[in-house]
Q: 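Here it is, the structure in full.
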Number of protein chains: 2
Amino acid sequence: MKNENKAQIRVWTPDDIEAVHTLIVELAIYEREPNAVINTPELMRRDGFGTHPLFGCFVAEKNGRIVGMAIYYMRYSTWKGRCLYLEDIVITASERRTGLGEALFEAVRAEAKVRECTMMQWAVLDWNEPGVNFYKKIDGVVFEPEWVTCKLFF
Amino acid sequence: MKNENKAQIRVWTPDDIEAVHTLIVELAIYEREPNAVINTPELMRRDGFGTHPLFGCFVAEKNGRIVGMAIYYMRYSTWKGRCLYLEDIVITASERRTGLGEALFEAVRAEAKVRECTMMQWAVLDWNEPGVNFYKKIDGVVFEPEWVTCKLFF
């Protein structure tokens, strides 16, 4: 008998692009920047598939619906060499606190090991208390608040 | 007549790997983590060349010697799509304050535009006053200290 309440974690396909983009917009609203998303489903198709995808994505699927996603890419550290950067984990509001974040994090961590990365890295907003607490529970995580992010938009 | 005091900015080649690695070690000493470099010239050759290089590098050459470098890679922002991440600019101690940092920064900025990036991003240590001041002088730079870097080493 099929367990309809259990989410499945899997690598995304082009059929998931629209749903993943919807989660990205949901995240932007949560992070208080609803107008910051200039990325589109079309651009995600261009950059996320083909022979040299710029990023990878895992999705959490439940009852045929995409309820969570994790996006990552390969970064390059001058000191540590090949690393994985976890860009975002997003779980739709109704499915939070059900273990999906942990499951997606573990899928990304396993991917980093498959790709022979020396570490994985990500960032969390200092006022995002649930996010900070989520990462504090993971064994061995190092927080480095002394690094200040700088951006130049074109 | 050749101007021997003028540095040239150019894309690196495999012949520059050893010199670039030496600058990386010099940076680690400056950033108070002399033992943090586990990257090697061999790994840089594997990851920086071939059909799918993980990163790119510009070097500053003066009188046949590599006196500076900038390493970057493509990052992927869920909100902004394709972005360039400037991983490090390093100028050897004797050649600082001569404009090489600015020249390397501009080479990377131009590369970001060629690659149709929507922005470029980097990070600076909050106690690195010369670094912070260097970036403050660049028009339009946004500092985002609310993002806390998190790392998990394998």
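Lettering of chains follows the sequences in order, A, B, ..., and the numbering in each one begins at 1. Please read all numbers here as calculations on a predicted model, not as lab measurements.
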Q: Check whether B:I71 gets within reach of chain A through its side chain, its backbone, both or neither, counting any heavy atom under 4.5 Å.
A: side chain
Q: In terms of heavy-atom pairs under 4.5 Å with chain B, which of A:D47, A:V132, A:L23 leads?
A: A:D47
Q: Which one, B:L54, B:T118, B:L43, leads in non-hydrogen pairs under 4.5 Å with chain A?
A: B:T118
Q: Only pairs of heavy atoms separated by less than 4.5 Å count here; which of B:R82, B:H21, B:R109 has the most with chain A?
A: B:R82
Q: Measure distances from B:E87 to the heavy atoms of chain A and classify the residue's part below 4.5 Å as side chain, backbone, both or neither.
A: side chain
Q: Among A:T149, A:V37, A:D88, which has the most heavy-atom pairs under 4.5 Å with chain B?
A: A:T149
Q: Say whether B:R75 and A:Y73, considering side chains only, have a donor N or O and an acceptor N or O under 3.5 Å apart.
A: yes
Q: Side-chain heavy atoms under 4.5 angstrom apart, residues restricted to Ile, Leu, Val, Met, Phe, Trp, Tyr: same cluster for A:V90 and A:I38?
A: no
Q: Would a line drawn from the ring center of B:Y135 to the ring center of B:W122 be shorter than 6.0 Å?
A: yes
Q: By a 4.5 Å heavy-atom criterion (distance strictly below it), what part of A:N128 contacts chain B: side chain, backbone, both, or neither?
A: neither
Q: Under 4.5 Å between any side-chain heavy atoms of A:M119 and A:Q121, yes or no?
A: yes
Q: Below 4.5 Å, heavy-atom pairs only: which of A:Y72, A:Y76, A:F55, A:F154 has the largest tally toward chain B?
A: A:Y76
Q: Tell me, out of B:L86, B:D139, B:L27, B:L84, who's got the most heavy-atom pairs with chain A below 4.5 Å.
A: B:L27
Q: For A:L125, which atoms come within 4.5 Å of any heavy atom of chain B: side chain, backbone, both, or neither?
A: both
Q: So which part of A:T40 gets closer than 4.5 Å to some heavy atom of chain B, the side chain, the backbone, both or neither?
A: neither
Q: Between B:P145, B:A112, B:A36, B:C117, which has the largest tally of heavy atom pairs under 4.5 Å with chain A?
A: B:A36
